[in-house]
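I have placed the structure first, in the form of structure tokens, so that the comments after it can refer back to it.
Computed from heavy atoms alone, side chains included, the values below leave out hydrogens, waters and symmetry copies. In what follows, chains carry the letters A, B, and so on, assigned in the order in which the sequence lines appear, proteins first and then strands, with residues in each chain numbered from 1. Being a predicted model, the structure only gives us computed values, none of them experimental.
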Amino acid sequence: MADYSNLEKVRLEKLNQLKDLGVDPYPRRTKRTHTIQEATEAFLAIEKVQDHEPVQATLTGRIRSVRPMGKVTFAHIEDGSGRIQLFFRANDIGEDQVTFFKDHFDLGDFIQAAGKVFRTRTGEVSLWISEYAMLAKAITPLPAAKDQVVEGEVVQHATLTDPETRFRQRYADLAVNRDVREVFRTRTKTIRAIQHFMDSKGFLEVETPILQPIYGGAAAQPFITHHNQLKQDLYLRISFELYLKRLLVGGFEKVYEIGRDFRNEGVSFKHNPEFTQMEFYWAYADYQDVMSLTEEMFSFVVEEVLGTKSFTYRGQEIRLDQPWRRVDLREGIIEQTGIDFHQHETAADLAKAMKSLDMEFNPKAPRGKLIDDLLGHFLEPTFIQPTFVYDYPREISPLAKTKEEDQGTVERFEGFIGGLELCNAFTEINDPLDQEERFLEMGRSYSEADDEHHPLDEDYLRAMRYGMPPSGGFGMGVDRLVMLLTDQQTIREVLLFPHLREIDK
RNA sequence: GGCCCGCUAGCUCAAUUGGCAGAGCAACUGACUCUUAAUCAGUAGGUUGAAGGUUCGAUUCCUUUGCGGGUCACCA
């Protein structure tokens, strides 16, 4: 038995009264003839016509406000398409019907209302009720939320803001905060736009395993699960990369996947344990080709979603109507810190040079990690306008092909916007012997018994030995892109149900 | 995982050096036939996240703990 609040007990009492009166508070079927938007548009279309037939409509929606005024009552209802005001008048439906509404209907209930669309004296398009019915009684009141339209702007009053309640009870958050619903509409539009773009470029959208016997393609800790019947431990994927490249071996030249990755790591404003990734692989292309396609894709997606090629993120105008800035990683770091990592061949040497910088780091970290730290600390936050950083150290890029003239550097770039890392791409290794060596460099091991080692994916190497065309690959954090397009500061705001700790009972 | 901050009515927030826990909205009763954050009059609503301690007395001070937020660490 639920533990009901006083407010809920009042509503349960109303529910019982309805049942006693023979009214089904949860009827099976409805008689909606128009969405609110359709009814409003139909009315606006004929309003100016002389002697027009009235627009008769049966609407459905959730009651968001009620203003009883004696023998007349106003209310607003909301459906998926918008809001409209209801007008109940005792002269038309009888005083009993107005009273019945006031006595048994609450904010949050779903109602069906039939009548004709008209405009009130104060000019609001409304529905003049001739009949109404309960569609679903709400027992728990929605968090109090009122809004007011002032000069076209929606002003919210006393709305639900507590982040814990908003995320744990996202349904209530969505029900009450229309701007939150809008964020998720934009999210879906973004994913569609990416698909439109990739499809138009001839890429095939595919699906690869989420449950994997060996994880790979990124340097993250995995979640582990178990198949009972097969008595087999499995990992939730940390990237799609190794499977998508197997498809290049199989003869597909352009593939992409949009889906969920899982990483067993810390949670932050830009990290959630499960997040949405888009990766594509493109045969006969290299990282320069991928860079051009990335520019084109972002420009397309932003325009398709927002209707313009620029937008505001954290108060700054981001422009996608021009080529991205390009920064050589080594030169960028020299410029910001004076340190040339080519002059520091070992981790210890580089760490020593970094001591004078205003930055904390682990002095025992490997050299590649230190370089990545410098990028993250000194460069990343400064990349507000779209920026590519290119040519990364070999030791943090085990799947990227080295530069012809420099075996210590790989053909790789990352893309940044608004100080956020959005994507990562490189010319893929397709030399199976080189790939094997690079795995071994990373400490991958053939001995499966040793839990300390990230196992080496032998099947991936076998695939590569069948021959993989020279290719470029790309990965992007879709959630972060949505953060940009909706001007949200944390990834939780663009995930419908972000991860939260379980509450102890 | 470390550090800092928060948790008070359904929601948003107050509460003096430790001294009867309040307001607006929502709810309830009543008035009101074009209102719109409707208005007006009245009523009710609380284990102050949880447990323990100090004190005549704790929302307030101390300890432990839960959850959230920020930040650092971790993070191809």
Side-chain angles (χ1 to χ4, degrees), chain A residues 4-11 13-14 64-76 83 85-92 95 98 103 106-108 118-124 126 128 139-150 154-169 172-173 176 216-221 238-239 241 263-271 273 275 359-362 365 368-369 371-373 375-377 392-400 410 412 414 421 423-426 442 475 489-490 492 498 500-505:
Chain A
Y4 291 113
S5 71
N6 290 334
L7 296 182
E8 289 169 325
K9 283 173 187 160
V10 169
R11 288 176 176 227
E13 180 52 35
K14 292 179 182 178
R64 295 306 314 275
S65 67
V66 179
R67 291 175 296 284
M69 304 198 39
K71 296 192 172 53
V72 75
T73 287
F74 294 91
H76 274 100
R83 281 185 188 213
Q85 178 170 257
L86 305 184
F87 178 54
F88 299 79
R89 190 159 161 267
N91 288 11
D92 307 306
E95 206 168 320
V98 175
D103 287 349
D106 287 299
L107 300 183
F118 76 112
R119 201 179 274 279
T120 62
R121 275 179 213 163
T122 47
E124 180 165 350
S126 307
W128 194 313
I139 292 172
T140 305
L142 287 169
K146 288 195 169 185
D147 46 43
Q148 182 187 19
V149 179
V150 180
V154 176
V155 182
Q156 305 237 28
H157 300 277
T159 187
L160 173 68
T161 56
D162 174 43
E164 183 165 0
T165 312
R166 286 188 50 228
F167 298 143
R168 283 194 198 282
Q169 301 186 36
D173 182 33
V176 141
Q221 290 296 307
I238 59 173
S239 89
E241 175 151 7
R263 296 188 182 174
N264 205 340
E265 288 160 359
V267 176
S268 82
F269 77 95
K270 53 182 173 176
H271 298 268
F275 63 101
M359 138 182 202
E360 283 181 36
F361 62 95
N362 178 359
K369 166 68 182 149
I371 293 169
D372 203 40
D373 283 349
L375 166 63
H377 193 266
Y392 281 65
R394 169 195 179 103
E395 56 263 48
I396 53 172
S397 315
L399 298 158
V410 298
R412 172 180 169 191
E414 291 184 311
E421 181 196 330
C423 59
N424 179 28
F426 34 85
M442 293 299 288
Q489 322 262 316
T490 99
R492 286 185 299 271
L500 292 175
R501 202 183 294 260
E502 194 178 9
I503 302 176
D504 259 10
K505 296 260 169 72

Roughly, in whole Å, what's the span from NE2 in A:His377 to C1' in B:C72? 11 Å
Apply the test side-chain contact (heavy atoms from CB on, under 4.5 Å) to residues A:Phe269 and A:Gln489: give CA-CA distance (whole Å), side-chain angles for both, the deciding distance (0.1 Å), then the verdict. CA-CA 7 Å; A:Phe269 77 95; A:Gln489 322 262 316; over 6 Å; no
Is the centre of the A:Phe118 ring less than 6.0 Å from the centre of the A:Phe87 ring? yes
For the pair made of NZ in A:Lys270 and C1' in B:U71, what is the distance, rounded to whole Å? 13 Å
So do A:Pro273 and A:Val267 actually touch side chain to side chain, heavy atoms under 4.5 Å? yes
Can you tell me, in whole Å, how much space there is between the C1' of B:A23 and that of B:A51? 31 Å
Can you check each nucleotide of nucleotides 29-36 of chain B against protein heavy atoms at under 4.0 Å and return B for base, S for sugar-phosphate only, - for none, in 5' to 3' order? ---BBBBB
Once rounded to the nearest 0.5 Å, what's the spacing between atom CZ of A:Arg64 and atom CZ of A:Arg83? 5.0 Å
Where the side chain of A:Val10 is concerned, which of B:C11, B:C75, B:A27 is the nearest nucleotide? B:A27
Can a side chain N or O of A:Arg166 be found less than 4.0 Å away from OP1 or OP2 on B:C11? no
Side chain to side chain, A:Trp128 and A:Asp92, heavy atoms closer than 4.5 Å: yes
Can you figure out which of B:C74, B:U71, B:G69 approaches the side chain of A:Pro163 most closely? B:G69
Considering just the side-chain nitrogens and oxygens of A:Lys14, establish if one lies under 4.0 Å of OP1 or OP2 belonging to B:C28. yes
What is the distance, rounded to the nearest whole Å, between atom CG of A:Leu375 and atom P of B:C75? 14 Å
When rounded to whole Å, the CD to P distance for the pair A:Glu241 and B:A76 reads 13 Å
When the P atoms of B:G57 and B:G66 are considered, how many whole Å apart are they? 29 Å
Interatomic spacing from CD in A:Glu164 to CG in A:Asp162 - rounded to 0.5 Å: 6.0 Å
Without decimals, in angstroms, what is the distance between A:Glu265 CD and B:A76 C1'? 10 Å
Ignoring backbone atoms, test whether A:Lys9 places a side-chain nitrogen or oxygen under 4.0 Å from the OP1 or OP2 oxygen of B:G45. no
Toward the 5' end of RNA chain B, by each residue's nearest nucleotide, A:Ser397 or A:Thr490: A:Thr490
In whole angstroms, the gap separating P of B:C28 from CG of A:Asn6 amounts to 12 Å
Regarding A:Arg11, tell me which of base, sugar-phosphate or nothing describes its non-hydrogen contacts under 4.0 Å with the strands shown. nothing
Atom P, compared across B:G30 and B:C13: separation rounded to whole Å: 33 Å
What contact category does A:Arg83 fall into here, base, sugar-phosphate, or nothing, at under 4.0 angstrom with non-hydrogen atoms? nothing
Please measure how far the P atom in B:G24 lies from the corresponding atom in B:A38, and state the result in whole Å. 16 Å
For A:Arg501 and B:G68, what is the distance between atoms CZ and P respectively, to the nearest whole Å? 6 Å
Determine whether A:Arg67 and A:His76 satisfy the following criterion, side-chain contact (heavy atoms from CB on, under 4.5 Å), listing intermediate values before the conclusion. CA-CA 9 Å; A:Arg67 291 175 296 284; A:His76 274 100; 3.3 Å; yes
Quick one: the dot-bracket string of RNA chain B, using Watson-Crick and G-U wobble pairs with both distances under 3.5 Å, [ ] for crossing pairs and | for bases paired to another strand. (((((((..((((.....[..)))).(((((.......))))).....(((((..]....))))))))))))....
Within the pair A:Thr161 and B:U12, is there a side-chain N or O less than 4.0 Å away from OP1 or OP2? yes
Base, sugar-phosphate, or nothing: which does A:Leu500 touch, judged by heavy atoms less than 4.0 Å apart? sugar-phosphate
Write down the distance separating the P atoms in B:U29 and B:C34, rounded off to the nearest Å. 23 Å
Between B:C4 and B:A9, how far apart are the two C1' atoms, rounded to whole Å? 29 Å
Considering only the P atoms, how many Å lie between B:C3 and B:A27, rounded to the nearest integer? 45 Å
Is the shortest heavy-atom distance from the side chain of A:Gln169 to the side chain of A:Leu160 under 4.5 Å? no
Distance in Å, A:Arg263 CZ paired with A:Ser239 OG, rounded so as to fall on 0.5 Å steps: 6.5 Å
Quick check for you: among B:A76, B:C75, B:U12, whose closest atom lies nearest to any side-chain atom of A:Asp162? B:U12
When rounded to the nearest Å, what value does the distance between C1' atoms of B:U8 and B:U48 take? 4 Å
Find the distance between CG (A:Asp173) and CG (A:Leu142) and round it off to the nearest 0.5 Å. 11.0 Å
How long is the gap from CD on A:Gln85 to OG1 on A:Thr122, to the nearest 0.5 Å? 7.0 Å
I need the OH-P distance between A:Tyr392 and B:A76, as an integer number of Å. 12 Å
